[in-house]
Amino acid sequence: MSATTQTPKAAPRGSTASRARATRLLGDRRLPVLVTAALFIAMYVGGLSRYQNYGFGEPQVFLNLFIDNGYLLVAAIGATFVIMSGGIDLSVGSVIGFTTMFTAWLVERQGLPLLLVVPLALAVGAFGGFLMGYVIHNFEIQPFIVTLAGLFLFRGLCLVISKESISINDASVGTLAQTRVSLGMGELSIGALVALIVLAVACYVLHYTRFGRRVYAIGGNEQSALLMGLPLGGTKIAVYTVSGFCSALAGLLFMLYIQSGDPLHAVGMELDAIAAVVIGGTLLTGGSGYVLGTLFGVLVLGLIKSVITFEGTLSSWWTKIATGVLLCAFILIQRTMTSRRKT
Amino acid sequence: MAEPQPVLEMTGIVKEFPGVRALSGVDFRLFPGEIHALMGENGAGKSTLIKVLTGVYSLDGGTITLDGESARFGSPLQAQQAGISTVYQEVNLCPNLSVAENIFIGREPTRAGRIQWKRMRKEAAELVDRLGLDIDVAAPLSSYPLAVQQLVAIVRSVGTGARDGAGLGTKVLVLDEPTSSLDRDEVLELFRLMRQLRDEGVAILFVSHFLDQIYEVCDRMTVLRNGTLVGEHLVRDLDQVGLIELMIGKALDQLEELHEHQLRSDLGETLVKAEGLGRTGGIAPFDLEINKGEVLGLAGLLGSGRTELARLLFGADQPDNGRVTIGGKQVSMSAPNDAIAAGVAFCSENRKSEGLVPDLTVRENIILALQAARGWTRPIPASQRDELVARYIKALDIRPADPEARVGRLSGGNQQKVLLARWLITQPKLLILDEPTRGIDIGAKTEIQKLVVSLSEDGMSVLYIAAELEEVLRLSHTIGVLRDRRLVARLTNGPEITTSKILETIASGEHQ
């Protein structure tokens with residue numbers, strides 16, 4: 001503190017740059033991602049030493065993280081866009097549940113081909129997101145409330161389709177779900193591959209398109225973004241549309257993974273997605289974070305589940321407890337980082 | 001050479017808000033390659049004029065001509081595209097993005113939709129370099145102090161339009177109080193940039209409360225008062241006393257006649273003592289003593305730091321350094337509660353937003369501070385409460401004399417009295433009155449002034465802030481003169497002290 005006040009701030013040339021460099025190291029925005037990545041590696045190494053004799057070291061165990069959590073990764077990527085822009089989307093889980101019901105119903109009860117059902121489901125999810133974004137922007141309503149309404153709406157629509165779960169016996173779904181792509185050391189499912197492609201696209205969009213940078217700008221300071229002449233409304237609506245699309249896609253992956261539609265699928269999964277985003281180092285206030293961090297957030301959550309499975313005697317509820325503890329710790333880390341950045 | 005063509009001409013500008021005529025027929029012109037100051041006290045219409053110019057407000061009358069063509073802006077974006085950029089007091093940039101992005105966002109160089117980061121950084125670095133600044137464009141904006149962020153905002157506004165081909169881009173740059181939170185070195189850097197842009201032909205409109213800065217950097221100035229144009233002058237033709245006269249609207253000789261004395265002089269021992277109290281961006285460190293029963297008036301233009309000084313003494317803002325002793329005991333002043341406990345009361349200048357609760361009754365508003373001082377667990381007995389309220393309603397002649405009347409319905413003067421009653425009921429040792437007579441009629445004004453005199457006779461110390469110098473002069477034993485957020489002089493009131501003497505002190509800024 002005292003050092004900063006003694007340094008002349010603008011005039012002499014060299015000191016400004018060196019001071020900026022020091023601040024940049026302290027408050028580097030990549031730090032939270034690195035912390036999460038380090039945590040993941042530490043957990044993985046810990047798991048190796050403890051369960052090596054039970055096959056934890058198999059490459060397939062690692063790849064299974066992607067297979068078992070592909071849908072969560074896609075949902076969390078959508079949530080990353082929203083949270084990065086300073087908003088929140090609570091409808092994720094309901095849209096996922098709805099998509100499983102909707103597709104199962106169309107494929108099983110209506111006999112429509114999967115090729116038609118998939119784009120339809122994606123369009124419905126994206127349109128739902130668009131509507132929520134439209135309401136949030138044009139009526140200046142808190143995203144929390146609007147997407148909460150979306151949560152109830154889509155969950156309700158599940159039950160309109162059917163109160164019972166619909167299991168999918170369609171051959172094309174079955175083959176798609178069974179297909180494995182060999183990577184030499186192990187194999188990945190179609191769902192996992194789709195999730196990785198979505199991850200790559202999201203990285204590109206956020207860092208190399210004007211739309212992506214607008215998302216960061218709006219999350220950083222909405223008022224400034226407006227005064228700088230950025231199209232605030234379009235960007236916000238687009239962000240929720242992206243989230244709706246990702247939720248629907250996650251719903252399709254979930255349907256492949258579980259091969260049924262159920263009105264109670266993915267209840268509360270929006271919270272898992274938000275947890276993954278936050279653990280991945282994205283600030284809940286928006287404007288700071290990386291999609292890559294979200295990947296690590298999802299992997300950490302997945303690894304907790306694996307570890308608990310390997311432990312064998314622990315109840316699966318320990319996943320929730322561990323997630324809670326992690327979330328709390330990461331929010332505290334974010335807090336100290338942002339307060340340091342301000343000084 | 002004949003007079004050059006103005007780049008911007010505003011004629012007969014009228015702007016009305018419900019019940020108020022903020023601008024009535026103001027003319028304003030701006031030449032390329034000049035730094036033009038817009039002067040006037042708060043409420044003179046400076047910011048309204050700027051907002052009309054930059055498209056934040058719509059016009060109610062008059063014309064704007066930009067580069068010989070009639071123009072009308074519906075939004076800040078339109079004004080920006082036409083070549084009028086504004087940098088506000090608060091930096092309107094995104095702190096989470098890099099400097100280069102802040103300069104370019106919304107018009108990043110792209111190829112096939114892909115942002116060309118290298119090219120963007122290179123162009124940003126070139127722009128920053130051309131303007132003689134040393135800023136690492138790859139660093140996040142938040143890693144720089146506010147002053148540099150402000151420079152970046154200027155760089156951004158200069159860059160706007162330059163890429164679209166049409167000449168230099170920005171023709172008019174509006175700087176709305178950019179210096180209010182900068183220190184001296186930072187201000188110099190800003191001025192250097194302003195002069196460079198001026199020499200490149202940009203017309204700069206500069207608003208600042210600091211007179212010295214106006215005289216340092218500006219070429220020409222336009223003075224507004226109460227929404228009307230007072231005059232346009234070359235800065236070198238008008239000295240500071242003349243400028244203040246224009247801003248206030250009274251000649252110094254005229255002011256003197258209003259002055260009369262009726263003060264007692266026997267003062268008690270020191271009650272409040274502040275040593276080296278100050279806050280960056282608020283007011284420079286000052287020493288101050290207030291005796292028991294003394295009325296200390298603060299004189300200075302609006303924005304000179306009067307309110308900031310009072311807020312420090314009340315603990316509403318935390319001082320960076322210095323200490324306060326009240327009645328011989330040091331007080332920490334970390335929150336208003338400390339000040340209240342030590343016997344300080346503060347009547348804010350914004351009685352509506354910071355003082356009264358308009359939906360509560362007169363009784364509830366009056367009792368609020370006393371109840372807060374006692375703590376919510378110990379309610380004041382109803383009989384005692386009613387008696388107290390009745391006494392103060394009578395003493396201050398609050399009308400209607402109905403404790404159940406809603407405060408929001410009362411006239412301004414009576415609201416002010418309710419606020420006063422609230423603090424008087426706690427029997428403070430030091431009463432801070434910030435603009436207690438603003439916006440109330442002349443009768444209520446006189447009553448409040450009489451009250452201040454009688455309170456002081458009863459031994460209460462009063463810190464009195466008023467825009468009208470006559471008021472300060474009539475009531476105060478001692479007058480603190482503020483200028484540019486600095487307490488520059490302490491005058492003991494007497495026959496030789498006149499309003500013109502105070503004005504001269506404000507203008508010259510001489511230390512005691």
Roughly how far, to the nearest 0.5 Å, is the CZ atom of A:R210 from the OG1 atom of B:T110?
-> 4.5 Å
Do the side chain of B:W117 and the main chain of A:H207 share a donor and acceptor less than 3.5 angstrom apart?
-> yes
Of all residues at least two apart in sequence or in a different chain, which pass the side chain to side chain donor-acceptor pair (under 3.5 Å) check with A:T80?
-> A:T294
Cut-off 4.5 Å, heavy atoms of chain B, and the answer for A:F211 is neither
Does atom CD of A:Q142 have more than 12 heavy-atom neighbours from other groups under 6.0 Å away?
-> no
Separation between CE (A:M228) and CD (B:Q80), nearest 0.5 Å, reads 9.5 Å
Minimum heavy-atom separation for A:L230 to B:G106, with atom names?
-> CD2-CA, 3.5 Å
Apply salt bridge (charged side-chain N to carboxylate O under 4.0 Å, His left out) to B:R121 and list each qualifying residue two or more places apart in sequence or on a separate chain.
-> none
Got a sec: does the CZ of A:F144 have more than 12 other heavy atoms crowding it under 6.0 Å?
-> no
Which atoms of B:L97 approach chain A - backbone, side chain, both or neither, heavy atom under 4.5 Å = side chain
Return yes if some donor-acceptor pair links the side-chain N/O of A:N221 with the main-chain N/O of B:C94 below 3.5 Å, else return no.
-> no
Between A:R213 and B:E101, is there a salt bridge with N-O shorter than 4.0 Å?
-> yes
Got more than 12 heavy atoms from elsewhere within 6.0 Å of CZ, B:R195?
-> yes
B:F191 CZ: over 12 foreign heavy atoms closer than 6.0 Å = yes
Interatomic distance, B:N92 atom CG to A:L226 atom CG [nearest 0.5 angstrom] = 9.5 Å
For A:Q223, look at atom CD and say whether over 12 heavy atoms of other residues, nucleotides or ligands are found less than 6.0 Å away.
-> no
